[in-house]
Amino acid sequence: MNRTILFVDDDQNILDGFRTLLYGKRKEWTCRFALNAREGLEYIDREQFDVVIADMRMPGMDGADFLKEVERRQPGAVRMILSGYSEMQAVLKSVKHAHQFLSKPCSSETVVATIRRVTDLKHILDNEAVRAIVTGLQSLPAMPDLYIRIERELKGSEPDLRRIAKLVEKDIGISATLMRVVNSSFFGFYEKITSPAHAVALLGVEALKGLVLGAHLLTEADASGVPGYSIGKLWTHSLQTAYCAKVVAGLEGGDDDFVEGCFIAGILHDIGKLVFVTQMPEAYRPVIEQARLGKGPVLSIERRELGVSHAEVGAYLAGLWGFKKEVVEAINEHHSPEASAHGFGMGFVVHAADSLQHEIDQGGTYVFPSIDLDWLEGVGKTDRYAVWRDACSRHMEGK
């Protein structure tokens, strides 16, 4: 399918660079280039675009205001913003009208891969109900500085695992969390891990990024707007679900990338709840109150009261933050594995892990949905559920 893409940047050299690096995609992608927001909006009024990429800093109308106008005129376009690493945190907090962020300078591989990923995720990023929730927020949860520094190192010309380990070591809180996690029974390392460098080498960078983001967001959030809600318990559940997902994926013969993806999606599967609790507590309090009274699973009450669930909002954020397509889809599908086109894929593994964690832990008064037995049978795993449960129970007993 031919895609139409608009680039807007006030630097002619950058536009020429994009034009050159994407020349080889001309049969697949139709690209337009504008030197300022005004020219960009003229293109928007003439053509329909699948993807719009704008620089954050432009004279007159900046990238944030430009994308806000793009959203109004072409709400179906995937909107991306270009910014330098030095301003990334401020951009993430303030730009509500962008689906994705790209750091400058970008390699051709990064640009092409990002465009492919966001167009593949269009069904998630273009969800009107989710977009209405997210664009109504004053700010989005911000990624931790450590995460951004790790990303910067990875995108450098010669990324170095030792430098990444040193970055982790400087963050005492993340280092302590990392040591606790890798020395738990779930990872099954035969020797005690005593340094962040060793932990980073054993975990892998992608799993490290998931842990850094999850630990930062789910241990430092303020849930005071929803009395009695425990962010600590949400983090424990998320981490144990990640453990269970890792166990299930490993038992079913998943390769390293699949197991790692399941682990990351497990950590982040409930990140949408964090948005509800911290960014819109007044609207979310009735959801929690009804859940505590046993009036149904949280997911069902969210959809009834808010028109959208934490699964969809969490997937939207994961897509915004640049996680792999499979991880984003797994977060989106963790309560509805029947929506997956992958059969026994990451979405189903996280669904199973989420159900197993609730079944084994049995804490609190909430009503939690059990595993989808029809789907379990459909993917030929009915006889495996008891095996997964036993393995996860043994690990959780040693947590």
Side-chain angles (χ1 to χ4, degrees), residues 178 181-190 193 199-215 235-271 311 314-315 318 323-361 368-373 375-399:
L178 185 62
V181 168
V182 297
N183 283 305
S184 72
S185 62
F186 278 89
F187 282 92
F189 296 137
Y190 294 107
I193 310 304
V200 170
L202 289 170
L203 272 177
V205 176
E206 288 301 313
L208 171 68
K209 285 163 54 182
L211 270 174
V212 167
L213 184 57
W235 168 238
T236 298
H237 165 69
S238 299
L239 197 53
Q240 290 180 0
T241 297
Y243 289 152
C244 290
K246 182 180 176 69
V247 169
V248 172
L251 285 171
E252 297 310 305
D255 61 23
D256 290 345
D257 287 343
F258 183 78
V259 173
E260 183 177 71
C262 290
F263 178 76
I264 296 167
I267 290 175
L268 301 177
H269 77 287
D270 274 350
I271 207 74
F323 282 93
K324 291 180 180 179
K325 171 176 176 282
E326 294 80 7
V327 171
V328 176
E329 290 181 335
I331 296 169
N332 192 55
E333 297 163 359
H334 78 270
H335 282 300
S336 52
E338 73 281 355
S340 173
H342 307 296
F344 187 80
M346 286 185 192
F348 184 80
V349 171
V350 178
H351 168 70
D354 186 34
S355 302
L356 284 163
Q357 196 282 332
H358 285 307
E359 183 180 330
I360 296 167
D361 187 55
F368 295 105
S370 58
I371 193 166
D372 189 321
L373 295 176
W375 192 249
L376 190 66
E377 181 180 10
V379 295
K381 300 293 183 181
T382 303
D383 61 337
R384 298 294 292 164
Y385 189 69
V387 176
W388 302 342
R389 193 186 191 286
D390 287 346
C392 291
S393 294
R394 290 196 301 273
H395 287 301
M396 286 178 64
E397 287 170 2
K399 64 181 181 292

How close do [X] and [Y] get, heavy atom to heavy atom, and via which atoms?
X: Gly314; Y: Ile331; value: C-CG2, 3.7 Å
X: Asp270; Y: Ser238; value: CB-OG, 4.3 Å
X: Ala265; Y: Val350; value: CB-CG2, 3.7 Å
X: Ala245; Y: Ala353; value: N-CB, 3.4 Å

Response to the item:
From the list His335, His351, His237, ring pair (Phe, Tyr, Trp, His ring centres under 6.0 Å) partner of His358 resolves to His237
[atom1]/[X] to [atom2]/[Y] distance, rounded to the nearest 0.5 angstrom?
X: Ile271; Y: Leu213; atom1: CD1; atom2: CG; answer: 6.0 Å
X: Leu211; Y: Leu268; atom1: CG; atom2: CG; answer: 9.0 Å
X: Ile267; Y: Trp235; atom1: CD1; atom2: CH2; answer: 5.5 Å
X: Ile264; Y: Phe323; atom1: CD1; atom2: CZ; answer: 6.5 Å
X: Lys246; Y: Cys392; atom1: NZ; atom2: SG; answer: 12.5 Å
X: Arg384; Y: Leu251; atom1: CZ; atom2: CG; answer: 6.0 Å

Fill in: Where at least one partner belongs to residues 203-212, residue pairs that pass side chain to side chain donor-acceptor pair (under 3.5 Å), sequence neighbours excluded
Glu151-Lys209, Glu206-Lys209
Worksheet item: Considering the options Asp390, Ile371, Val248, Leu373, which one meets the side chain to side chain contact (heavy atoms under 4.5 Å, CB included) requirement together with Tyr385?
Response: Ile371
Listed pairs under 3.5 Å, donor-acceptor, residues 253-262 side chains, sequence neighbours left out:
from: Asp255; atom 1: OD1; to: Asp257; atom 2: N; distance (Å): 3.3
from: Asp255; atom 1: OD1; to: Phe258; atom 2: N; distance (Å): 2.8

Discussion item. Ring-plane angle category for His334 and His269, please: parallel below 30°, perpendicular beyond 60°, tilted otherwise.
Written reply: perpendicular
Item to complete: Would you check if Thr241 and Phe263 make a side-chain contact, meaning some heavy-atom pair closer than 4.5 Å?
Response: no
Worksheet item: Under the side-chain contact (heavy atoms from CB on, under 4.5 Å) criterion, do Gln357 and Tyr243 qualify, and how do the steps go?
Response: CA-CA 9 Å; Gln357 196 282 332; Tyr243 289 152; over 6 Å; no
